[in-house]
Amino acid sequence: MRKIDARSLRGLAHPLRMTILEALELDGPATSSTLSQRLGENTGTISWHLRLLAEHGYIEEDTERGTRRERWWRVPQGQTVLNPAEFRDDPETSGALRVYLQHLVQRYYARVQTYVEENWPGEWQHAAALSDWRDLRLSPEQLTAMNDELAAVIERYTSVEPGENAKPVIVQLQSFPRDR
């Protein structure tokens with residue numbers, strides 16, 4: 001597990017870098033030219049952001065693919081963890097944290113919006129869930145425990161052998177307090 005520190009948070013907190021990282025996470029290894037076509041950016045800009053992501057350890061060169069002229073990039077194995085509480089009160093990183101979190105929420109929304117706009121067969125519509133629970137009253141410790149339990153359930157499914165009609169699935173979980 002890799003923990004995001006102040007320096008690497010500043011290296012990630014850019015909408016295009018976050019979009020590039022997500023593309024590599026969801027679609028697997030790619031070159032700057034493939035990402036350029038997919039994301040509608042020029043190759044030089046993509047290459048520059050790829051190097052920054054690599055410098056901060058978010059991605060690495062996939063040396064088993066390509067040649068010196070065609071560099072492939074991938075996300076290294078392991079989980080990256082961010083604890084926002086560590087950065088909120090630090091004036092040097094709170095701006096980067098805000099950019100990161102705002103873009104993350106926009107990406108989450110865009111994923112759900114894409115799903116809603118697509119015409120999925122009935123079996124997938126029945127299997128998917130867009131739910132919320134509004135009657136919980138939890139302490140920070142209880143909320144942490146609930147999130148840990150949900151993460152453990154999801155983790156169990158990451159090693160399940162895909163079924164016959166399997167497709168990539170995204171699980172998004174947002175749990176947060178609100179003031180009345």
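Being a predicted model, the structure only gives us computed values, none of them experimental. By convention here, the first residue in the shown sequence is residue 1.
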Whether S139 side chain and Q142 backbone form a donor-acceptor pair below 3.5 Å
yes

Could you walk me through whether N147 and T144 pass side-chain hydrogen bond (donor to acceptor under 3.5 Å, both in side chains), step by step?
CA-CA 5 Å; N147 286 332; T144 299; 5.9 Å; no

So which residues get pulled into Y157's cluster when ILVMFWY side chains under 4.5 Å apart are joined, directly or through others?
V153, V160

Of all heavy-atom pairs between P76 and G57, which one has the smallest distance, and what is that distance?
CG-O, 3.9 Å

Minimum heavy-atom distance between S32 and L50, given as atom pair plus value:
CB-CD1, 3.6 Å

With sequence neighbours excluded, tell me which residues meet side chain to side chain contact (heavy atoms under 4.5 Å, CB included) with D89.
none

What pairs meet the salt bridge (charged side-chain N to carboxylate O under 4.0 Å, His left out) rule with one or both residues in residues 105-126, with sequence neighbours excluded?
E22-R107, E22-R111

Backbone of A30 reached by a side-chain donor or acceptor of T34 within 3.5 Å
no

Non-hydrogen atoms of P29 and R74 that approach each other most closely:
CG-CB, 3.9 Å

Other cluster members, L26 - Ile/Leu/Val/Met/Phe/Trp/Tyr, side-chain contacts below 4.5 Å
I170

Would you please test L143 and L136 for side-chain contact (heavy atoms from CB on, under 4.5 Å) and show each step?
CA-CA 10 Å; L143 182 57; L136 296 168; over 6 Å; no

According to salt bridge (charged side-chain N to carboxylate O under 4.0 Å, His left out), does anything in residues 126-144 pair up with another residue at least two apart or in another chain? List the pairs.
D132-R134

Of all residues at least two apart in sequence or in a different chain, which pass the side-chain hydrogen bond (donor to acceptor under 3.5 Å, both in side chains) check with E25?
none

Partners of D148 by salt bridge (charged side-chain N to carboxylate O under 4.0 Å, His left out), sequence neighbours excluded?
none

Provide the full list of ring pair (Phe, Tyr, Trp, His ring centres under 6.0 Å) pairs with a residue in residues 20-70, sequence neighbours left out, each pair given once.
H14-H49

Kindly indicate, with the supporting measurements, whether the criterion side-chain contact (heavy atoms from CB on, under 4.5 Å) is fulfilled by T93 and E86.
CA-CA 9 Å; T93 55; E86 294 178 8; over 6 Å; no

Please determine whether side-chain contact (heavy atoms from CB on, under 4.5 Å) holds for the pair L12 and M18, giving the CA-CA distance in whole Å, both sets of side-chain angles, and the decisive distance to 0.1 Å.
CA-CA 6 Å; L12 178 60; M18 292 178 67; 4.0 Å; yes

Between I46 and S36, which heavy-atom pair has the shortest distance, and what is it?
CG1-CA, 3.9 Å

Not counting sequence neighbours, which residues clear side chain to side chain contact (heavy atoms under 4.5 Å, CB included) with Y115? List them please.
W120, Q125, A128, L130

Sequence neighbours left out, what pairs pass ring pair (Phe, Tyr, Trp, His ring centres under 6.0 Å) with at least one residue falling in residues 66-92?
none

Any side-chain heavy-atom pair of I4 and V81 under 4.5 Å:
no

Review item, side-chain donor-acceptor pairs of residues 95-103, under 3.5 Å, at least two apart:
{"residue": "H103", "atom": "NE2", "partner": "P15", "partner atom": "O", "Å": "3.4"}
{"residue": "H103", "atom": "NE2", "partner": "T19", "partner atom": "OG1", "Å": "3.3"}

With sequence neighbours left out, what residues match D27 under side chain to side chain contact (heavy atoms under 4.5 Å, CB included)?
R38

